[in-house]
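By convention in this document, chain letters (A, B, ...) are assigned in the order of the sequence lines, proteins followed by strands, and residues within each chain are numbered from 1. Side chains are part of it too, since the values below use all heavy atoms of this structure and drop only hydrogens, waters and symmetry mates.
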Amino acid sequence: MATELDAGWAIDWLRRCAAVIAGHRTELIELDRAIGDGDHGENLDRGFRAVTAKLDTDVPDTPGAAFKLAAMTLMSKVGGAAGPLYGTAFLRAATAAGDAPALDAPALAAALAAGRDGVVARGKAETGDKTMIDAWTPAVEAAAAAADRGATPAELLGEAATAAEAGAVATDPMVARKGRASYLGERSAGHRDPGAASSALILRAAAEAAAAVEPGGSPAGGPSA
Amino acid sequence: MATELDAGWAIDWLRRCAAVIAGHRTELIELDRAIGDGDHGENLDRGFRAVTAKLDTDVPDTPGAAFKLAAMTLMSKVGGAAGPLYGTAFLRAATAAGDAPALDAPALAAALAAGRDGVVARGKAETGDKTMIDAWTPAVEAAAAAADRGATPAELLGEAATAAEAGAVATDPMVARKGRASYLGERSAGHRDPGAASSALILRAAAEAAAAVEPGGSPAGGPSA
Amino acid sequence: MKKLINDPRAVVDESVQGFGLAHADLVSVSADPLFVFRREPARQGKVGLVSGGGSGHEPLHAGYVGLGMLDAAVPGAVFTSPTPDQILPATLAASTGAGVVHIVKNYTGDVLNFETAAELAQAEGVEVRQVLVNDDVAVEDSLYTAGRRGVGGTVLIEKIAGAAAERGDDLDAVAAIAQRVNDSVRTMGVALAACTVPHAGVPSFELAEDEIEIGVGIHGEPGRHRIAMESADGITDRLLQPILTELDLAAGAQVLLFVNGMGGTPLSELYIVYRRAAQVLAEAGAQVARSLVGNYITALEMQGCSISVLRLDADMVELWDAPVHTPALRWGV
Amino acid sequence: MKKLINDPRAVVDESVQGFGLAHADLVSVSADPLFVFRREPARQGKVGLVSGGGSGHEPLHAGYVGLGMLDAAVPGAVFTSPTPDQILPATLAASTGAGVVHIVKNYTGDVLNFETAAELAQAEGVEVRQVLVNDDVAVEDSLYTAGRRGVGGTVLIEKIAGAAAERGDDLDAVAAIAQRVNDSVRTMGVALAACTVPHAGVPSFELAEDEIEIGVGIHGEPGRHRIAMESADGITDRLLQPILTELDLAAGAQVLLFVNGMGGTPLSELYIVYRRAAQVLAEAGAQVARSLVGNYITALEMQGCSISVLRLDADMVELWDAPVHTPALRWGV
Ligand SMILES: Nc1ncnc2c1ncn2[C@@H]1O[C@H](COP(=O)(O)OP(=O)(O)O)[C@@H](O)[C@H]1O
Ligand SMILES: Nc1ncnc2c1ncn2[C@@H]1O[C@H](COP(=O)(O)OP(=O)(O)O)[C@@H](O)[C@H]1O
Ligand SMILES: [Mg+2]
Ligand SMILES: [Mg+2]
Ligand SMILES: [Mg+2]
Ligand SMILES: [Mg+2]
């Protein structure tokens, strides 16, 4: 297993995001239709398709540069609440990653934490408000614990994704206090938050891209679109 | 059986019209919905309810006066095509009936013919155009034959109603050439003309009112609303 | 059926009452018999302009009462022509001595009721001219129909004839320009879903999820034929083609393009239709000099639209641009 | 789903193109990034007014670009806030050096995207004030929500702030009057049937034949609670009551009454609602000094309406009456 993840991994991650979001587009629309306005799957799909289109002409050479490309593209193509929030997450992660050609486990944990902090700074949501934060915060915590323990990047991301998935499931009974679902009051309980669900998908894609990396450091060949 | 029908019969007829149209309101709406705009039952119901309301305060003393009351009320309350057409029919029938205190069979046949001619004069429809004329013309012809033969008024009206009913049924396969149904072209075939159907109901009410007349000349007690 | 109504039999009365309250600066309402007329009487000697017909086409006709358009409007029951006892007093209210033009959509009921009212008005000394609107190319104008229907063109005729009357044209001239507009405008409509007449309670026709009705009128009556659902561009082409065939525009002809919503179609979709219609007209060499897009003559909440094309002349352009101040159409004032 | 569209993903682009063609005398369209701006640039020194948000609310916002109202409008995807790369150039196009006010409906997405764009504009030397619209009394404004939504009041704010900018008010004054209108207007909506977002293809919520959704927003999001169908008068009372509680009008207070259609409701029904609302306001001792009835801020073809009541002061009346010339709102010119 690689001890560092480079730009190849980051690019592979973003391409996997596009694939997994396209595959879950309808499901995310349905989740958002229940407690929001039904556009989350469409918006993210449009955004990540734009990211892969951008990657076809523009090849970032550091993870930070890849995150920045994703941030700018999501910010200008997604719109809605998710566009600026995911955009900020990737932008802050890019800043945390800096110019490093590759990220080790502690750097990955720090990038995830910076991304989460960016979402909180923009959206002011707290844990339990039934937002994407409820997926991100357990993921950040799991990543920190894994890094402390000396886990590999792939292990770290796998544990973060698992925590995000559990966090997304945990939003089901919550009453929303932020975003469009908050207008529903008590009626928002009993539905999964779409942003938490998409966050879990995105983090799982990161883990899968890491798992696909050959010891040498580049991906073993993930989906390319 | 009475050999003449007086104002009591005419009033009873109009009240029976109101009852029978109210009872067939939905059916007439359905017929008009299929090849027109779905208001025929509602319009006639509104009109004949106004006629009975009028009759509650205003008691005509000749058949002609009753027809005139119906004419003016239908003209001002029904609207659409049927309002002026039925209004004209009753107005011409009133003119034909004149001041006579009661109508014998030939006078009834003449009043029906005058009514039919009024509809033709206003609406310019010919036999086979799939309109109320296709009920009225056979009725007028049956009435003339009955009068020639010396039938009683009740017999005459019974035969006219039966002919009108057959005439209405005969509109089913016709392609409309007048009124709103003509816009449908060939698609108007296979549906009964609503105006022909309501004409048959109205003429059947006339026959029933006549059948209810005691030998003395006033109705045996038809529905009063 | 779910509607924002109280008693289905009171919809027209209550709606016109609300209309009168909302536009008390422009119109007055006579409650019984029901009609709407200008609050400020027109100046003496102006030709009066009256229209009316079944309700359910709002803002037509009451929404067009005011300066530069109608003097009075007569709403019937939903989709049912009004009666002479409404039309007569509306005609008298619109009369300043210079005669009155009745703009009547060509439906048997409207024609007969307005005819009777015109006779009665004439008996009271008011000269009346009836102009029939029959712009619908979906219906063949032949011995075998009641003739073409009056649809979208009605709005354009009321605006242009209203401006002519306001300018001071005499009775014959106002009737003549109304007739000229009628002769120069063609319309065709489509329904994606039918409307429900309040007193009927069920949709006026049934369309499957993949069907549309081409050549539909404005009374919830079925159209000329039913086809499978198509793209907006495809539908637009279908509606425009018979219009263009009938109008036979010369190269460079100036036209007014009117995309009208039937009541239940979002404005954004009307603009998608407008976009294609403008392309097709440009390809046909016509010049779209004036436009109107919106819900101007509706069929309750029917989903669909109609396209009207009016061949303009210089006088029509001047009259179209003239000030108008009504509840539903306003500019220049 | 049957709609007059071509590709569901092209609806906004094609619709705005058609809009630009139909109103080329008033507006220009930037295709990519997509925004709409006044054809005649405003005079130097006029404060710029920009609004935007998800599409599907037509005629909002692009329909209000023109003299006396907005300088630019930024349409996002359907029900999705636009992005900073659209908002920034629209802001620059609206800037004549006197600063720009962003009128932003209070939705997380709109707020965040306009915030980013404002930062970017400020970096380019354009001073920006953001005014949040949050007039919807259906949503409790508390720590436990994203705050009240911006709905019907948006139209009134854009008109009045637009007139203030046209009059020559400076940046702070225009932002202040926009804020004052926001603080004086309350709105509540109802849906009888949901709308269908083109890319979703299914209605945004399901209502049974005898259910309505009270306190609905304009994005097809469900409302605050669901009740059994009622009469128009009953529904009107339900919508008005929380508005009146919040506004706490003094006896004789002048108000503007705005009955807004959600897109799929006939105008005639809006007037039935208006009639009852006017009655209730009169009983409450308020004086309806100005009215607006029609489809001004919609949710695609949603069936339903919203009622807004604005407590007027003399300056607001003057600014409301000031000339406006936009595709969707026009008077005095
Ligand atoms: N203030 C917030 N902080 C964090 N996340 C938020 C906030 N508001 C909304 N979200 C997230 O955004 C998701 C909705 O995204 P999307 O549907 O794309 O935007 P919109 O609500 O504008 O339609 C929600 O499910 C939630 O996870
Ligand atoms: N020109 C005509 N001559 C005779 N009857 C006609 C004519 N036009 C229509 N009708 C009759 O009127 C009926 C429709 O009446 P109604 O529905 O009340 O009027 P509308 O068509 O105005 O809605 C038709 O079924 C037909 O019998
Ligand atoms: Mg959403
Ligand atoms: Mg009918
Ligand atoms: Mg009718
Ligand atoms: Mg959204």
Side-chain angles (χ1 to χ4, degrees), chain A residues 25-26 28-30 32-47 49-50 71-88 91 119 121-126 128-132 175-188 191 195, chain D residues 8-9 33 52-54 56 74 76-88 107-117 136 138-140 142-149 194-206 215-226 299:
Chain A
R25 177 180 167 279
T26 312
L28 294 172
I29 285 176
E30 283 305 304
D32 195 30
R33 205 162 71 86
I35 57 170
D37 58 354
D39 59 0
H40 189 61
E42 173 70 13
N43 293 350
L44 284 187
D45 184 34
R46 184 175 58 245
R49 277 189 290 120
M72 301 315 286
T73 309
L74 294 177
M75 208 98 94
S76 80
K77 291 296 173 211
V78 175
L85 293 174
Y86 276 121
T88 302
L91 199 60
V119 175
R122 293 298 314 260
K124 314 272 178 327
E126 292 171 18
D129 283 355
K130 194 175 184 118
T131 69
M132 57 174 71
V175 172
R177 286 194 289 245
K178 279 282 181 291
R180 211 174 281 283
S182 71
Y183 307 138
L184 278 179
E186 302 289 332
R187 286 167 76 191
S188 62
H191 299 275
Chain D
R9 286 191 163 137
V74 196
V78 174
F79 295 164
T80 298
S81 152
T83 55
D85 62 325
Q86 301 171 259
I87 303 166
L88 173 64
Y107 300 96
T108 309
D110 292 282
V111 174
L112 295 177
N113 286 288
F114 271 89
E115 257 173 30
T116 306
D136 187 356
V139 171
E140 280 160 46
S142 73
L143 285 176
Y144 305 107
T145 66
R148 287 199 311 235
R149 297 174 293 207
C195 56
T196 299
V197 176
H199 63 246
V202 285
S204 51
F205 52 88
E206 317 283 349
V216 83
I218 51 169
H219 294 86
E221 66 268 51
R224 195 71 181 178
H225 51 275
R226 192 162 288 191

Should D39(A) and R180(A) count as an ion pair when the cut-off is N to O under 4.0 Å?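 Salt bridge flag = no for R180(A) with D39(A).
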Note: E126(A)-R177(A) ion pair, threshold 4.0 Å (strictly below):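 Salt bridge: no.
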Do the side chains of V197(D) and E42(A) get nearer than 4.5 Å, heavy atoms only?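 They are not in side-chain contact.
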Going by heavy atoms in the side chains, are D37(A) and D32(A) under 4.5 Å from each other?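 Touching, per the 4.5 Å side-chain cut-off.
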Set of side chain to side chain donor-acceptor pair (under 3.5 Å) partners for N113(D), sequence neighbours left out: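 Checked N113(D) against side chain to side chain donor-acceptor pair (under 3.5 Å); matches are S81(D).
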Under a 4.5 Å cutoff for heavy-atom pairs, which residue among G217(D), A200(D), S204(D) has the most contacts with chain A?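 Between G217(D), A200(D), S204(D), the count favours S204(D).
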Among T108(D), T80(D), V202(D), D136(D), which residue has the highest count of heavy-atom pairs closer than 4.5 Å to chain A?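 Highest number of pairs under 4.5 Å: T80(D).
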What residue, out of G123(A), A81(A), G185(A), has the most heavy-atom pairs lying under 4.5 Å from chain D?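 Ranked by heavy-atom pairs under 4.5 Å with chain D, first place is A81(A).
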For chain D, which of S76(A), S182(A), A181(A), G79(A) has the most heavy-atom pairs under 4.5 Å?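 Most heavy-atom pairs within the cutoff with chain D belong to S76(A).
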Tell me, side chain or backbone of A125(A) under 4.5 Å from chain D's heavy atoms, or both, or neither?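 Contact with chain D is absent: no heavy atom of A125(A) under 4.5 Å.
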Go through the atoms of R187(A) and report whether side chain, backbone, both or neither lie under 4.5 Å from a heavy atom of chain D.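 Side chain only.
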For F205(D), which atoms come within 4.5 Å of any heavy atom of chain A: side chain, backbone, both, or neither?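 The backbone, not the side chain.
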